[in-house]
**Q** 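Mind looking over this structure? Questions follow.
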Amino acid sequence: MTVPEPSATAPVAPIAPAASSVFEGRGLTCIRGERVVFAGLDFTLAPGEALLLLGPNGSGKSSFLRLLAGLIRPAAGTLSWNGAPVRDDREEHGARSRYIGHLDAVKPVLSVAENIAFWVRTWSPETPDVPAAVQRGLGRFAIERLSDVPGKMLSAGQKRRVNLARLIAAPAPLWLLDEPTTALDKASIKVLEEAIAEHRAAGGMVALSTHSEIALPGARTFHMDEFAVDSASAWDALDAEWEAAKT
Amino acid sequence: MASYFDMGGYAGYVWPSYAVTAIVLVALFVATWRGLKNRERTLETLLATRGPRRRRAARQEAPAPEAVNTASTTEETSR
Amino acid sequence: MNALLAVIRRDLRLALRQGSDSMMVVAFFVLTVVLFPFGVGPESGILERVAAGVLWVTALLASMLSLDRLFQTDYEDGSLDLLTMAPMPLSVIVLGKVAAHWLTTGLPLILAAPVLAVLLNMNSEGFGVLIAAMAVGTPTLSLIGAVGAALVLGARRGGVLLSLLVLPLYIPVLIFGVSAIDAAVMGFEYRAQLLIMGAMLLVSLALCPWATGAALRQAVE
Amino acid sequence: MHRFANPNRFLKLANAILPWSNGVLVVSLLAGLALALVWSPGDYQQGDTVRIMYVHVPAAWMGMFAYVAMAVASAVALIWKHPLADLAGRATAPVGAAFTFVCLVTGALWGKPMWGTWWVWDARLTSMLILLFLYFGYMALHNAFDDPQRGAKAAAVLALVGVVNVPIIKFSVDWWNTLHQPASVVRMDGPAVDPSMLWPLLVMGLAFKAFYVSVVLLRIKAEIADAKIRALRMSEIHG
């Protein structure tokens with residue numbers, strides 16, 4: 001089932017993916033370095049829905065988002081989009097999801113418009129009118145005036161808004177936002193909340209982790225530390241089995 | 001007997017090559033062996049200091065190694 | 001397809017605006033070659049004898065110099081995560097980056113090589129083959145080097161490690177590059193060497209982007 | 001190493017094999033040395049220096065075998081994501097490097113009486129030298145990361161890239177060697193190997209292989225213990 005590519009004419013939001021398309025994970029387990037970050041995690045995400053990830057530092061919020069983005073392969077469990085395993089078709093998953101991480105991926109020597117234009121050409125290659133898409137993204141986060149400013153002169157907040165502008169310039173059904181509100185002032189957080197609401201209204205999906213307050217009506221919350229696993233106890237279980245086998 | 005060790009005049013090459021082989025291989029074996037013993041000793045001390053209480057708890061809680069942490073999460077996700 | 005061009009255009013723009021990286025590479029190339037007469041002695045007989053080898057070894061080291069910058073900046077500012085999530089195979093993006101790297105380093109080396117060949121008073125028959133051999137050889141060096149650059153992302157002392165990983169893999173290109181020029185200078189047939197280097201280029205074009213992609217995915221995980 | 005790969009099956013297997021491999025090692029080593037140093041006659045042309053061959057050639061075999069084993073372990077680690085394969089690759093590298101080093105040193109010791117110089121750019125010796133650099137590259141990359149998993153994966157990719165390049169390097173070095181080599185008087189492993197030389201060669205080869213199996217198994221056990229220690233320490237920090 002290929003998600004219809006959003007055409008440039010839709011001014012505000014992407015064309016809603018078919019109502020049935022659902023993103024789900026069963027028994028997901030993530031291992032970073034040698035630590036089991038979380039295990040046995042199930043979730044479903046249908047169009048219009050949102051996941052809010054809470055939990056202390058190191059409980060795996062970022063790892064979970066990177067896993068959803070396909071950057072990390074789950075050690076166990078399956079991740080599927082409409083039943084089809086995501087891992088089988090990375091490019092398709094890349095086309096339908098956008099990931100905003102801690103780092104802002106803004107090149108210091110390129111101007112804001114050039115930065116976003118590159119991402120539009122890389123993520124939405126079929127976009128007919130790239131400059132228009134770029135302007136739409138900048139307009140949504142009120143940074144049109146920064147269009148020709150090179151990246152190195154931007155403040156952290158401005159860089160974050162340039163980062164978020166990519167979501168609008170290169171639209172896709174699934175948004176994965178890792179603490180998007182960092183470095184944003186009150187007004188910008190408001191704009192972000194509206195953008196997310198519009199995205200969800202148009203049938204998009206959002207998974208978002210945050211420490212600060214963000215209005216996400218009707219979102220399902222996930223406390224990541226519920227899925228934590230103490231890796232040492234895992235070894236104890238193994239030792240127990242080993243000693244039992246010996247006797 | 002001495003002529004045997006002379007190796008037809010090439011003693012200076014045959015014996016050193018066997019010596020080098022012996023040194024390198026024995027050194028590797030000893031280093032590996034000692035490394036393993038050190039690690040096993042530290043493992044023992046770590047397991048001991050973690051306290052038997054916790055090891056017994058681990059044994060009841062997860063009889064099979066693949067038993068997943070089954071904290072009930074289903075009602076959380078399917079709301 | 002236009003994503004590939006987008007990657008090439010962006011990287012070229014970055015390279016040109018970010019300070020003349022290619023100038024650095026050519027400067028290193030020229031300087032190192034100029035050092036040799038001081039070491040080996042200025043007699044033209046000796047210089048001519050080693051000219052091809054000196055040119056190739058220094059070109060190889062020069063192209064390796066700028067390799068670790070290939071993915072490092074993207075890795076540090078988070079662009080690499082987004083590049084691995086692009087809706088096209090990662091090897092296409094790697095190909096774009098390697099092409100940009102070759103244009104900023106390989107090409108200047110090829111242009112500088114004949115000038116330096118004169119310095120080492122290499123026989124003039126060798127010039128044409130020198131350019132042909134480097135035209136086929138330097139892309140192979142960039143491709144193999146890209147695999148090394150991706151492998152050392154996030155490693156301690158990545159630069160030194162990169163040379164340890166990549167130099168042994170450069171040896172076939174060096175051997176055939178030099179022997180092509182030597183054969184031409186001595187009037188023998190040199191097409192065989194160039195064909196073998198062409199084969200190596202095709203193999204690298206097929207395998208290296210895929211291997212680099214796999215290494216990048218490990219780095220991003 | 002995480003709990004989803006069960007090391008116990010491997011530990012049982014290793015503990016079953018180790019006594020046997022140590023036994024074979026001791027027996028075949030003693031037999032090999034006796035054959036090589038005493039039983040087999042000197043070569044009519046090279047005299048007693050041919051005895052160096054009984055150490056040099058098996059070491060070369062093992063150096064190449066270990067690299068292929070490392071590449072296979074890396075492929076398993078990358079394709080089936082089996083963490084034990086990572087450990088196997090990491091355990092094999094030093095053993096392979098040791099054998100390659102021994103091969104080079106004994107090659108030089110053999111070259112001196114033959115050609116009067118310690119180092120000869122013979123095609124095979126040069127290829128072994130490059131193989132030694134590939135080993136150093138693998139080991140350096142393996143330890144260059146803070147996270148052992150990341151190092152293991154990066155080294156695995158390097159081993160696969162290396163194993164593809166080894167034949168190409170071998171081909172170009174042979175080609176380069178024939179170009180520059182004056183008619184090579186004596187091939188590295190002497191004229192056709194007659195039985196009196198074949199037996200010591202094979203028995204020493206068996207001894208080296210048994211040594212390889214024992215040491216690699218021991219090193220893998222050490223790696224597993226290492227992983228357990230890290231996991232225990234990690235849980236202290238994260239609770």
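In what follows, every chain begins at residue 1, and chains take the letters A, B, ... in the order their sequences are listed.
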**Q** Specify which of Thr122(A), Leu71(A), Asp104(A) makes the most heavy-atom pairs with chain C at under 4.5 Å.
**A** Leu71(A)
**Q** Taking every non-hydrogen pair under 4.5 Å, which of Val106(A), Ile100(A), Val109(A) racks up the most with chain C?
**A** Val109(A)
**Q** Of the listed residues (Leu82(C), Leu5(C), Asp81(C)), which shares the most heavy-atom pairs with chain A below a 4.5 Å separation?
**A**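 Going by pairs under 4.5 Å, I would pick Leu82(C).
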**Q** Where does Arg166(A) contact chain C at under 4.5 Å (heavy atoms): side chain, backbone, both or neither?
**A** side chain
**Q** Mind ranking Arg9(C), Arg10(C), Arg217(C) by heavy-atom pairs under 4.5 Å with chain A and telling me who comes out on top?
**A**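 Among Arg9(C), Arg10(C), Arg217(C), the one with the most close pairs to chain A is Arg10(C).
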**Q** For chain C, find which of Gly70(A), Ala69(A), Gly101(A) contributes the most heavy-atom pairs closer than 4.5 angstrom.
**A** Ala69(A)
**Q** Using non-hydrogen atoms only, which part of Ser63(A) is less than 4.5 Å away from chain C: side chain, backbone, both, or neither?
**A** neither
**Q** Any side-chain to backbone donor/acceptor pair from Ser79(C) onto Tyr75(C)? Under 3.5 Å, distance only.
**A** no
**Q** Report yes or no: is the cationic atom of Arg161(A) (NZ for Lys, CZ for Arg) closer than 6.0 Å to the six-membered ring centre of Phe141(A), at no more than 45° off its axis?
**A**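 No, Arg161(A) and Phe141(A) do not form such a contact.
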**Q** In terms of heavy-atom pairs under 4.5 Å, which option from Ala170(A), Gly94(A), Ala105(A), Ala117(A) contacts chain C the most?
**A** Ala105(A)
**Q** Identify which part of Arg66(A) has an atom lying under 4.5 Å from any heavy atom of chain C, answering side chain, backbone, both or neither.
**A**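 Arg66(A) touches chain C through side-chain heavy atoms alone.
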**Q** Got a donor-acceptor contact below 3.5 angstrom from the Lys97(C) side chain to the Ile8(C) backbone?
**A** no
**Q** Could you label the plane-to-plane angle of the Phe23(A) and Phe43(A) rings as parallel, tilted or perpendicular, counting under 30° as parallel and over 60° as perpendicular?
**A**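 Aromatic pair Phe23(A)/Phe43(A) classed perpendicular.
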**Q** Is Ile93(C) in contact with chain A via its backbone, its side chain, both, or neither, using a 4.5 Å heavy-atom distance?
**A** side chain
**Q** Before you tell me yes or no, could you show the steps for Ser63(C) and Thr138(C) under side chain to side chain donor-acceptor pair (under 3.5 Å), namely the whole-Å CA-CA distance, both residues' side-chain angles and the distance that decides it to 0.1 Å?
**A** CA-CA 8 Å; Ser63(C) 84; Thr138(C) 43; over 6 Å; no
**Q** Between chain A and each of Thr84(C), Leu83(C), Thr73(C), count heavy-atom pairs under 4.5 Å; write down the option with the most.
**A** Leu83(C)
**Q** So, the side chain of Asn163(A) versus the backbone of Lys159(A): is there a donor-acceptor pair under 3.5 Å, distance only?
**A** no
